[in-house]
Amino acid sequence: FLTLEELDLSGNSNAFDEESSTALERLFGATKELTNLRILNLAKCGSGVNFLHISRPFRFFTLLHTLDLSCNGDKIDFG
């Protein structure tokens, strides 16, 4: 099993676009049954994040208890 419990991607406002959001969705989807992810930090990621894409596998993250979307304002794309 993967031992990843916390993933901090905060402050990557210039790194996210449609392609990277799709890649992150694929990564989350491929590891959904193997993850121990408890904390996911997407604060200050800006307008490039396609939250609709990356959130699809979240239902499989049964241990996830903290999701930080702060400081994105209305910049997150919910599709």
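None of the values given here were measured: they were computed from a predicted structure. The first residue in the sequence is number 1, and the count goes up from there.
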(request) Check Cys45 against Ser10 and note the closest heavy-atom contact, atom names and distance. (result) SG-CA, 4.2 Å
(request) Grab the two heavy atoms, one from Leu40 and one from Leu37, that are nearest each other, plus how far apart they are. (result)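 Smallest interatomic distance, heavy atoms only, reads CB-CD2, 4.4 Å.
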Rounded distance [0.5 Å steps], [atom1] in [X] versus [atom2] in [Y]:
X: His65; Y: Glu5; atom1: NE2; atom2: CD; result: 8.5 Å
X: Ser20; Y: Leu27; atom1: OG; atom2: CG; result: 12.0 Å
X: Thr22; Y: Asp17; atom1: OG1; atom2: CG; result: 8.5 Å
X: Glu25; Y: Phe58; atom1: CD; atom2: CZ; result: 10.0 Å
X: Arg38; Y: Thr62; atom1: CZ; atom2: OG1; result: 9.0 Å

(message) Do Asn12 and Leu42 have side chains that approach each other closer than 4.5 Å (heavy atoms only, starting at C-beta)?
(response) no
(request) May I ask you to decide if Asn50's main-chain N or O and Ser21's side chain share a donor-acceptor pair within less than 3.5 Å? (result)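 Flag set: sc Ser21 to bb Asn50 pair under 3.5 Å.
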(request) Test Asp68 against every option in Ile39, Asp8, Asn41 by the side-chain contact (heavy atoms from CB on, under 4.5 Å) rule and name the one that passes. (result) Asn41
(message) Taking salt bridge (charged side-chain N to carboxylate O under 4.0 Å, His left out) as the definition, give me every residue that meets it alongside Glu6, ordered by chain and number, with sequence neighbours left out.
(response) none
(message) Please tell me whether Phe28 and Phe60 form a close aromatic pair, meaning their ring centres lie under 6.0 Å apart.
(response) no
(request) For Arg26, look at atom CZ and say whether over 12 heavy atoms of other residues, nucleotides or ligands are found less than 6.0 Å away. (result) no
